[in-house]
Number of protein chains: 2
Amino acid sequence: MVELSDGTVPAATVGRLPYYLRALRDLAAEGVGLTSSTELAERSGVSSAQLRKDLSYLGSFGTRGVGYDVESLASYITVALGLETEHRLAIVGIGNLGHALANYSGYATRGFQVVALLDASSDVVGTRVADVTVEHVRGVAEVIQRERVSMVVLALPGNVAQDVADAVVGAGVREILSFAPVALQVPDDVVVRSVDVGGELQILAFHAATRAAAL
Amino acid sequence: MVELSDGTVPAATVGRLPYYLRALRDLAAEGVGLTSSTELAERSGVSSAQLRKDLSYLGSFGTRGVGYDVESLASYITVALGLETEHRLAIVGIGNLGHALANYSGYATRGFQVVALLDASSDVVGTRVADVTVEHVRGVAEVIQRERVSMVVLALPGNVAQDVADAVVGAGVREILSFAPVALQVPDDVVVRSVDVGGELQILAFHAATRAAAL
DNA sequence: TCATGTGAAGGAATTCACAGCG
DNA sequence: CGCTGTGAATTCCTTCACATGA
């Protein structure tokens with residue numbers, strides 16, 4: 001019996017749902033209709049106990065003694081992640097990274113649409129990138145209203161990220177993905193996810209140094 | 001008294017060290033010479049207790065009743081992260097993202113150098129990107145040897161990521177940063193950090209959906 | 001019988017609150 | 001006295017191991 005739980009899903013579990021969904025879509029693409037917690041966990045890079053525990057927070061989707069139906073489990077996770085509704089994105093900062101993000105093809109297999117691009121440089125404002133005309137960041141609030149933007153991606157230098165975040169939050173956005181290596185100060189009801197490439201490399205450097213020290 | 005600890009630093013702590021280092025460098029750039037756990041924590045987006053606990057795993061760097069010397073704490077974290085040695089990077093996959101990463105200027109303020117670029121498409125092999133000539137990925141093992149590459153960045157589609165990872169690991173690389181949305185299978189002594197932009201957006205979508213459901 | 005789903009146990013990370021030291 | 005450094009308490013997450021039910 002399928003039953004969705006209440007709203008209490010651990011953050012760590014939410015963070016893994018995209019991996020499960022990815023693995024399920026891969027399985028579906030391979031024509032696999034039925035899977036097990038062992039197989040799905042292996043493809044997702046977690047333990048089978050972890051996978052089952054995670055799914056238990058969302059409800060009960062499998063058949064004991066059998067496994068999980070790939071299609072239907074994918075559907076449930078899709079719904080749980082809120083991917084059945086369209087999410088309209090604006091990207092602020094059309095430098096190297098912003099360009100790449102604007103052109104990023106498979107936005108996690110639909111659900112996301114880039115509807116606005118903004119920048120502060122007159123070099124790019126007015127140009128078209130990925131079929132969208134770049135507008136000046138000073139009009140960010142208006143653009144967000146006009147395009148009904150619900151998520152903003154910040155691909156800009158750390159020193160201006162906070163100002164843009166303030167403007168974006170003021171315009172009603174509650175979900176931000178930031179590539180700027182700064183801790184953004186936002187109200188409690190705003191969710192910020194941060195991706196820091198430099199930081200990731202530093203973490204790898206730490207492991208390299210630890211390995212070297214162990215010799 | 002400054003004393004470095006043994007090699008047991010929690011993974012969660014390691015993940016935050018880059019934020020502390022960033023905040024310290026900002027402070028130094030502003031001409032601040034002395035800081036407190038409260039100030040530094042605020043700029044890093046963590047609690048002051050968290051910061052002090054994290055630092056305690058590395059050693060003892062502050063002065064009770066006073067605070068931390070910005071320069072020297074930055075130095076210690078730099079050493080702890082292994083950033084005093086040069087790290088030679090290869091980027092595999094010179095698409096939109098690979099381009100952006102190759103041109104990414106401040107590689108976390110030095111310590112990292114892009115010494116090789118590889119791709120499988122004849123459209124880009126042979127071209128120069130960020131002063132480096134793109135080579136064919138089939139020669140990845142040779143390139144890694146020749147350029148003494150110690151870290152590899154994978155900016156390529158999920159379906160080929162595992163093959164390249166295998167080749168790269170076979171050539172002796174033990175640190176990988178992957179932008180491919182797949183769980184790479186690697187030996188225990190290889191460290192893989194994964195950045196999944198699509199996944200981050202899905203996590204934001206989950207929060208948006210949860211918010212909507214709460215109304 | 002077999003793999004799911006889940007209480008219970010165990011481990012890790014965070015927070016608390018204060019001892020310790022300049 | 002003030003702020004660091006840290007045991008203790010708490011909370012959160014993961015793993016275990018088995019009851020459950022198709």
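For the numbers below, each heavy atom of this structure counts, side chains included, while hydrogens, waters and symmetry mates do not. Each chain gets a letter, A, B and so on, in the order the sequences are listed, and its residues count up from 1. In this text, all values refer to a predicted model and were calculated from it rather than measured experimentally.
In this structure, the side chain of Arg88(B) engages the main chain of Glu147(B) through a donor-acceptor pair within 3.5 Å. Side-chain N or O atoms of Ser44(B) include none that pairs as donor or acceptor with a backbone N or O of Val46(B) at under 3.5 Å. Checking side-chain atoms of Thr63(B) against main-chain N and O of Val66(B) turns up no donor-acceptor pair under 3.5 Å.
Checking the phosphate oxygens (OP1, OP2) of dC13(D), no side-chain nitrogen or oxygen of Gln50(A) falls inside 4.0 Å.
Taking the side-chain hydrogen bond (donor to acceptor under 3.5 Å, both in side chains) definition, one finds that Asp26(A) meets it with nothing, sequence neighbours left out. Taking the side-chain hydrogen bond (donor to acceptor under 3.5 Å, both in side chains) definition, one finds that Asp188(A) meets it with nothing, sequence neighbours left out. For Asn103(B), there are no side-chain hydrogen bond (donor to acceptor under 3.5 Å, both in side chains) partners two or more places apart in sequence or in a different chain. Applying the side-chain hydrogen bond (donor to acceptor under 3.5 Å, both in side chains) rule to Arg64(A) yields no partners; only residues at least two apart in sequence or on another chain are considered.
For the helix from dT1(C)-dA22(D) to dG22(C)-dC1(D), the angle separating the two terminal helix axes comes to 10°, with each axis derived from five pairs and the value rounded to 10°.
To the nearest angstrom, P of dA13(C) lies 17 Å from CG of Leu51(B). Between the P atom of dC2(C) and the CD atom of Glu39(A) lies a distance of 18 Å, rounded to the nearest Å. Rounded to whole Å, the distance from CG on Asp69(B) to P on dT4(D) is 13 Å.
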Scan nucleotides 3-11 of chain C nucleotide by nucleotide, 5' to 3', and note B when protein non-hydrogen atoms come under 4.0 Å of the base, S if they reach only the sugar-phosphate, - if neither. BBBBBB---

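As judged by a 4.0 angstrom heavy-atom cut-off over every strand, Thr13(B) is placed among residues making no nucleic acid contact.
Tyr104(B) and Asn96(A) share no donor-acceptor pair across their side chains, judged by distance under 3.5 Å alone.
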